[in-house]
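Read the structure below first, then the notes.
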Amino acid sequence: MTQYWLFKSEPDCFSIDDLAQQSAQTARWDGVRNFQARNFLRDNVTLGNWVFFYHSRCKAIGVVGIAEVTRAAYPDPQQFDPQSPYFDPKSDSDNPRWFCVDITLKRKFSHMVSLEQIKQIQALDDMMLRKQGRLSIQPVSVHEWQIINQLAT
DNA sequence: GCCAACGTTGGC
DNA sequence: GCCAACGTTGGC
């Protein structure tokens, strides 16, 4: 069973520093609108799991820190809010389509582990990050987790 | 900002 | 149920 994950965020939208500024350094990870990512979030991401916080679509791409899942999946409230950009008229409150979790910041790396570094390490060739670039919630193996952790220290 | 990759939608 | 059109993601 997977315990480790990688969550992508565009830092212009929500960065690890934004997470650090939340009360209790905890934030709702919402707005996931991709079915594969949704399935991971809803069915496999569980309380106490560890998460690599990844900055995408920006100048410095890579893993910037570690968070912990502090609330397991619950329906993403934004799907029911017509004012929200994440509003989904096709979602039914009795059978919600989209889910979110809460995460709490555990550690911000003093220096990030860049995508460029990751690409240079053969043992990380099979990371989903490399195989399926667009998936925003993805499992990380224990081995991959350890390697990236070591790179960050 | 561009563009390739790829997921989603909707007409047939 | 196929597939073209369209929209979005994400590295560069």
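Proteins come first, then strands; the chains are lettered A, B, ... in the order of their sequence lines, and each starts at number 1.
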Legend entry - Nucleotide nearest A:F35 (side chain, heavy atoms from C-beta), chosen from B:dG10, B:dT8, B:dG7: B:dT8
Inset, instruction - Indicate whether the side chain of A:D102 and that of A:W29 have a donor and an acceptor atom separated by less than 3.5 Å. - result: no
Legend entry - Rounded distance (Å) that lies between atom C1' of C:dT8 and atom CD of A:Q132: 15 Å
Legend entry - Protein-nucleotide distance (A:Q138, atom CD; B:dG7, atom P), rounded to Å: 13 Å
Inset, instruction - Report the distance from atom CD1 of A:I137 to atom P of C:dT9, rounded to the nearest whole Å. - result: 13 Å
Inset, instruction - Would you tell me if any nitrogen or oxygen in the side chain of A:Y54 comes within less than 4.0 Å of OP1 or OP2 on C:dG11? - result: yes
Legend entry - Length of the CZ-P vector between A:R130 and B:dA5, whole Å: 15 Å
Legend entry - Centroid separation A:W5 to A:F53 less than 6.0 Å: no
Legend entry - d(CZ, A:R97; C1', B:dT8) in whole Å: 10 Å
Inset, instruction - Check if the side chain of A:R33 and the base of C:dT8 share a donor-acceptor pair of N or O atoms closer than 3.5 Å. - result: no
Inset, instruction - Select one nucleotide: of B:dG7, C:dT8, B:dT9, the one nearest the side-chain heavy atoms of A:R134. - result: C:dT8
Inset, instruction - Quickly work out the A:Q36 CD to C:dT9 P distance and round it to whole Å. - result: 15 Å
Legend entry - Modelled atom types, side-chain donor and acceptor of A:Q138 and A:Q36, under 3.5 Å: no
Inset, instruction - Give a yes/no answer on whether the side chain of A:K119 brings an N or O atom under 4.0 Å of OP1 or OP2 in C:dC12. - result: yes
Legend entry - Rounded distance (Å) that lies between atom P of B:dA5 and atom NZ of A:K131: 16 Å
Inset, instruction - Nearest whole angstrom, please: distance from the P of B:dT8 to the CZ of A:R38. - result: 10 Å
Inset, instruction - Among the candidates B:dG7, B:dG10, C:dG11, find the nucleotide nearest to the side-chain atoms of A:K90. - result: B:dG10
Inset, instruction - Tell me whether the guanidinium CZ or amine NZ of A:R71 lies under 6.0 angstrom from the six-membered ring centre of A:Y74 and within 45° of its axis. - result: yes
Legend entry - Check: A:F52 ring centre within less than 6.0 Å of A:W145 ring centre: yes
